[in-house]
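Report on the following structure.
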There are 2 protein chains.
Amino acid sequence: MTAIRLTISLGLFLVLPALPGLAADPKPEQVAPGVWRLHFGSPEKLTPLSFRTAPPLLEGFDALPDPTMPLDVSRISFSAMGHGCSVGLPMTREERIYGFGLNTRLFEMTSESDAFQPGAPDRSHPGRHVFLRPTDAPENDLNDSHAPVPFYVSTRGYGIYVDTARYASFYTGNVAPKTRGKPAEAEMKGGLSTDDLYKARELSTKTMLVDVPAASGIDVYIFGGPTLGDAVRRYNLFSGGGAVPPLWGLGIQYRGFAKNTAADSLALAKSIRDSQVPIDCWGLEPGWQSKAYSCSFVWNKHAFPDPDGFIRQMLEMGYQVNTWEHCFTNPESPIFEALKPWSGDYLVWNGLVPDFATPEGRRIFGDLHDASIFSKGVTSVKLDECDNQPSSAKPWSFPEASAFPSGLDGEQMHSLLGILYQQTIYERLRKMNVRTWGLVRNSGALAAPLPFSLYSDSYNDRSFALGLVKQGFSGLLWTPEVRDAKTIEEYYRRLELVIFSPVALINGWYMKLPPWLQIDRDKSNRGELMADHEEVTRITRKICDLRMSLIPYLYSAFNEYRLHGMPPMRALVMDWPEDKETFDLADEFMVGPSLLVAPIFNGQSSRKVYLPAGNWFDFYTHEKIAGGRGIEVRKALDEIPLYVKENSLLPLAKPVDHVQPDICFELEVSVFGEKPAAFTLYEDDGLTYDFEHGAQNRIVLNWGGSAGSEEKTGSYKGASRYRVSNWKIAKPSTTSP
Amino acid sequence: MTAIRLTISLGLFLVLPALPGLAADPKPEQVAPGVWRLHFGSPEKLTPLSFRTAPPLLEGFDALPDPTMPLDVSRISFSAMGHGCSVGLPMTREERIYGFGLNTRLFEMTSESDAFQPGAPDRSHPGRHVFLRPTDAPENDLNDSHAPVPFYVSTRGYGIYVDTARYASFYTGNVAPKTRGKPAEAEMKGGLSTDDLYKARELSTKTMLVDVPAASGIDVYIFGGPTLGDAVRRYNLFSGGGAVPPLWGLGIQYRGFAKNTAADSLALAKSIRDSQVPIDCWGLEPGWQSKAYSCSFVWNKHAFPDPDGFIRQMLEMGYQVNTWEHCFTNPESPIFEALKPWSGDYLVWNGLVPDFATPEGRRIFGDLHDASIFSKGVTSVKLDECDNQPSSAKPWSFPEASAFPSGLDGEQMHSLLGILYQQTIYERLRKMNVRTWGLVRNSGALAAPLPFSLYSDSYNDRSFALGLVKQGFSGLLWTPEVRDAKTIEEYYRRLELVIFSPVALINGWYMKLPPWLQIDRDKSNRGELMADHEEVTRITRKICDLRMSLIPYLYSAFNEYRLHGMPPMRALVMDWPEDKETFDLADEFMVGPSLLVAPIFNGQSSRKVYLPAGNWFDFYTHEKIAGGRGIEVRKALDEIPLYVKENSLLPLAKPVDHVQPDICFELEVSVFGEKPAAFTLYEDDGLTYDFEHGAQNRIVLNWGGSAGSEEKTGSYKGASRYRVSNWKIAKPSTTSP
């Protein structure tokens with residue numbers, strides 16, 4: 001096809017004749033409160049929105065401020081050509097950009113440096129070419145990741161979503177349209193070294209350029225603020241609202257050694273339960289299947305001769321069972337022949353690639369899952385290998401030039417595979433009215449309602465922490481899972497971090513012993529215990545108990561994610577978008593309304609923690625600290641720096657070793673500050689979706705100055721989930737550091 | 001656009017109804033002897049062939065063997081989808097693949113390892129995903145390079161050219177169509193480490209998959225053999241035949257310090273002439289222009305107040321003048337306003353990107369070049385920065401989503417910019433009947449007739465050597481230019497290598513002194529001479545004299561490149577495609593018909609040299625060595641291992657310090673072996689294109705057993721270029737090692 005050039009400015013549109021490929025009316029159309037659609041050219045039919053998981057959660061928008069259009073749409077331009085199409089959006093020099101999914105190296109997306117380079121207040125912001133390709137190597141400076149998302153937010157208080165399943169890319173201010181004005185002199189400097197000559201320089205006028213390959217049109221969605229956080233909330237509500245876990249999902253997950261049989265697994269599970277390290281969910285790795293790489297989705301009769309009995313015994317010990325899989329379907333799977341017409345035209349590991357965009361592909365795949373696992377009591381799944389290797393010489397997944405029966409091609413399928421795969425599993429369990437809390441290695445746009453956390457093989461603690469900080473910009477969940485470690489220090493620091501993630505995951509898939517008995521992988525596989533394993537087990541329990549005590553608090557945060565779109569874990573710039581100190585703050589994050597987490601990394605003896613304006617309390621000592629500044633912090637190996645915002649109520653549960661279906665958490669409510677805001681607990685069955693239809697109570701905790709009160713509303717009639725045993729005013733302990 | 005799936009096999013086409021987007025008749029059409037076109041779908045109009053430099057040199061095909069169709073076209077499949085389109089070609093397990101342009105890390109393109117990993121005879125060949133994106137960083141494992149070319153050749157004796165300016169990619173055997181047969185058991189192995197799980201395994205049946213993004217159709221050209229070398233020759237002749245340099249172009253080029261004024265340049269040029277280091281061409285770096293980064297294309301009045309006088313004085317000293325530039329046109333250039341409508345919609349370094357695909361763009365740009373430089377006597381140009389940064393977070397060039405008045409988009413323009421830019425310059429000088437021999441940093445498909453060598457900032461001696469070995473697969477020329485060096489050893493080894501390249505380039509652009517006076521850049525810029533600069537100068541002369549003595553031999557090789565398509569420098573697999581030892585031989589190359597070059601790299605005390613079957617002679621000692629084996633070789637620092645094939649005549653000229661227009665080379669013809677093949681010298685004016693119209697003689701040298709003879713034919717009437725002063729039978733010297 002010959003390239004056709006169509007460049008228009010919306011502001012000029014009415015005086016231009018109708019151009020081929022352009023919509024009749026590119027005026028912004030409000031599709032939800034504070035969400036506008038701009039329709040350019042002839043967009044593709046198969047986009048993330050065409051496969052949305054849920055409709056917008058419209059009632060959630062009510063709590064948001066009145067929307068006003070945040071952009072001058074007359075300055076937005078569109079261009080179509082053989083390569084694809086593009087959109088140009090005006091930027092200011094000062095605005096800072098976040099989002100684009102879950103790359104674990106970049107934070108602020110106009111910055112010259114990545115999240116791990118020491119930040120300077122005067123660092124340059126020349127802009128970047130930001131790619132959105134699903135990859136298995138998310139720690140790169142191009143923004144490729146396990147979950148690329150064509151959505152970004154700005155400190156100017158708006159968000160932009162580009163509805164495409166193409167490998168779109170964004171230029172965050174580093175392109176110069178011919179039509180721009182005279183450049184600043186500094187932009188024109190030369191040099192006598194190649195470094196000098198090619199150094200990126202900040203332009204005096206900035207444009208966000210969106211490159212959408214192959215498409216001849218595009219729908220762009222503008223999310224109003226007035227703040228950056230409000231724009232994120234609108235995006236999440238537009239996506240259908242955030243996912244709510246089953247209560248057990250907020251406990252801790254352990255994944256067992258891949259070669260373990262049913263008997264091995266039961267023995268290990270029993271010994272862990274005996275050790276009182278709290279675990280709620282047990283992951284089975286590939287060995288449960290008769291074939292893996294590619295997968296059969298049926299039980300390995302030798303290793304697991306009695307799946308029903310195995311699952312029953314695990315449930316009796318208080319473990320939910322999660323099974324590993326990927327979607328590439330082995331020739332020996334019973335669905336191979338039936339799935340063949342509903343799969344892509346290339347094989348992966350000699351397995352079919354199911355076309356989850358066809359009802360038939362979903363049905364055939366889902367039916368086998370019902371029969372094999374869900375009907376037997378498995379309540380969650382780990383969906384592996386659904387990412388891609390777009391920049392690898394030796395990719396293992398299907399080519400971008402694949403074709404699927406749904407009409408999707410390989411590029412689109414790679415952008416959508418994680419989403420469609422999650423939906424396929426989710427809808428099966430939802431149909432059984434079973435809440436799930438799974439794992440997935442690829443996700444994408446509009447994913448907020450999907451109850452799956454991303455994870456990665458990349459095992460860098462800094463990038464894993466960055467995933468926690470960033471997940472909230474893009475409607476995603478992330479777990480920095482703990483595996484083995486080089487030192488006990490590293491093990492504790494990793495464990496402390498995973499405690500503050502949507503899935504607190506300890507992954508022993510390549511280790512016979514749990515890491516608290518042996519952190520070294522080789523020694524673990526030789527069955528050698530660490531000398532100090534009893535002490536390490538004790539401290540492991542202590543750290544895990546912190547997670548268990550936070551379950552009610554986290555459950556509220558997730559319910560508010562669903563209802564109000566506010567991510568349960570998020571970067572500080574989302575709460576303090578006026579505070580420039582937060583703009584590059586990539587190693588601290590908020591959990592729920594009032595907890596600030598500032599992980600210390602392996603090898604660090606201390607770190608600087610920035611606390612925004614106002615007062616804060618050290619979680620451990622209750623020491624009161626004035627914010628609006630950075631403080632130097634040291635903590636013992638078993639304590640992660642954790643701060644409570646003044647005027648908060650923090651309900652902490654008495655830790656249990658797993659969340660039984662009939663659990664009633666015993667709460668102590670700590671009062672931080674003199675005029676704490678109310679805190680709402682959410683009470684329901686913790687297991688089904690009945691809460692969506694009213695079977696949920698809200699228990700509003702209030703502090704009257706000298707005593708606390710609880711006010712319960714709602715029509716959930718089941719067993720109580722909470723009992724407040726104590727209210728406690730937070731005061732510095734005598735052991736303040 | 002919704003993805004449309006069109007998958008057909010040509011063999012089935014006649015029984016299928018007409019499908020949208022498919023040609024009426026996909027039968028192979030012979031477009032030149034042994035060159036067939038397959039027309040799939042609706043190809044784009046703007047492709048490399050639509051901008052070809054020259055028509056096929058049809059007379060050149062006469063010397064090639066009778067063509068037979070090398071492939072079973074009924075097994076070639078085509079598929080169109082939203083992403084673009086794809087072609088599948090059957091491969092055998094055993095065939096080896098070369099080409100795809102000038103990436104300087106990869107050699108054989110199905111291999112698991114790159115050219116620098118130690119090769120093992122049983123290495124695996126799982127295939128690769130091979131990308132074709134123009135980049136400034138050619139040393140990568142994805143195949144991106146300064147000159148990506150959608151053409152490859154196979155040891156099975158055929159070549160495939162895919163006519164596209166898109167960023168096509170190729171999967172060299174590592175994809176498994178669903179339609180393939182049962183896999184071998186070895187393909188299905190799993191593992192318990194991520195390395196194991198993702199390890200590329202060789203498939204039992206192989207397919208070459210071509211992914212052409214954005215296009216809905218494609219023309220594929222099949223080049224017959226019967227050998228790999230024949231397929232390359234057909235490709236070069238189809239491209240228009242190889243480029244022939246002016247005689248001075250085979251001398252040595254020196255590029256002066258970027259900050260030098262006219263006076264500085266004249267003084268340095270004079271001192272170099274006095275030192276008798278042979279130099280033929282003098283390069284002026286950015287400082288000659290009033291503006292660079294972006295460029296004005298007019299002289300800097302302060303540094304070069306009298307360009308005509310400067311060039312006249314340089315010519316008087318025997319220097320041709322080459323001027324540096326890139327095409328991005330500064331606002332202060334006199335053509336800025338005129339060029340504005342004929343340029344892309346994004347600026348680079350605040351300069352316009354000329355649309356060389358429009359006659360107006362070429363004319364405006366070319367007219368200024370005529371006025372500024374060519375009319376003053378400049379005979380060649382260095383075309384910088386016309387490559388791209390497709391995988392960079394901070395690209396400096398224009399976006400792929402640019403639009404150009406010709407209808408090209410940015411992606412296409414990036415693939416074509418080097419070619420179109422070369423053509424724009426070439427056609428100006430050609431119109432003046434002036435042969436040129438330039439430099440360029442981006443090239444592409446069908447480039448054989450273009451008299452420009454590629455170069456790179458990447459300064460790795462191994463990858464620079466690989467460029468020399470690989471250039472011949474893709475109709476390209478390459479120079480591993482010499483700049484500074486860490487050690488004298490490194491300097492000599494680099495210099496020895498550049499002597500065997502199309503442009504023997506010593507680039508002093510960031511050094512005040514030539515490297516033979518100071519190899520250290522910083523010391524050079526402080527004006528400090530090396531202690532042993534006199535000895536280094538002497539050895540520099542010696543090495544450069546070898547190049548000067550080879551000019552007649554090289555001139556024949558280039559004339560035969562033009563007439564027969566055989567690359568003057570090439571990998572050994574091109575001459576010995578039956579010898580599996582040559583398949584991975586990435587560090588030796590042939591120059592002309594009979595010289596084998598095996599560079600020793602910096603830090604190596606010796607190396608293994610593989611000599612194909614037959615006898616060889618050490619160039620320096622004339623020792624006779626049996627081939628068909630590898631030999632361990634040591635050489636002094638001033639000698640590069642160089643071998644002459646038995647039964648060759650090698651004319652060597654008495655070295656001169658530059659090639660005057662009226663030069664007559666004094667030749668000694670060495671006779672290697674008892675029945676040497678005839679050798680043809682090409683005699684013409686050495687400066688114009690009159691040789692294309694018959695003004696060229698051929699002087700056939702023959703050895704009768706005891707005496708040599710010369711037979712001259714042709715209608716060139718000018719001064720003689722050669723005088724054979726001696727015939728000499730090569731015998732081992734007494735100093736044999």
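Order of the sequence lines fixes the chain letters, A, B, ..., with proteins taken first and strands second; residue numbering starts at 1 for each chain.
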Which region of [X], side chain (C-beta onward) or backbone (N, CA, C, O), has a non-hydrogen atom less than 4.5 Å from a non-hydrogen atom of chain B, or is it both or neither?
X: A:P213; answer: neither
X: A:T207; answer: neither
X: A:L106; answer: neither
X: A:S402; answer: backbone
X: A:F131; answer: side chain

Contact between B:Y346 and A:L209 at the side-chain level, heavy atoms closer than 4.5 Å - yes or no? yes

Any side-chain heavy-atom pair from B:V175 and A:P395 closer than 4.5 angstrom?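 B:V175 does not reach A:P395 side chain to side chain.
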
With no hydrogens and no angle check, is any side-chain donor or acceptor of [X] less than 3.5 Å from a backbone partner on [Y]?
X: A:D409; Y: B:H83; answer: yes
X: B:K178; Y: A:K340; answer: yes
X: B:K394; Y: A:E112; answer: yes

Looking at residues at least two apart in the chain, or sitting in another chain, which of them share a side-chain hydrogen bond (donor to acceptor under 3.5 Å, both in side chains) with B:T135? none

Just jot down the side-chain hydrogen bond (donor to acceptor under 3.5 Å, both in side chains) partners of A:Q289, sequence neighbours excluded, or say none. none

Measuring from B:E411:CD to A:M81:CE, what's the distance to the nearest 0.5 Å? 10.5 Å

Checking heavy atoms, do the side chain of B:Q389, its backbone, both or neither come under 4.5 Å from chain A? neither

When B:C85, B:G410, B:S86, B:P399 are compared by non-hydrogen pairs under 4.5 Å with chain A, the top option: B:P399

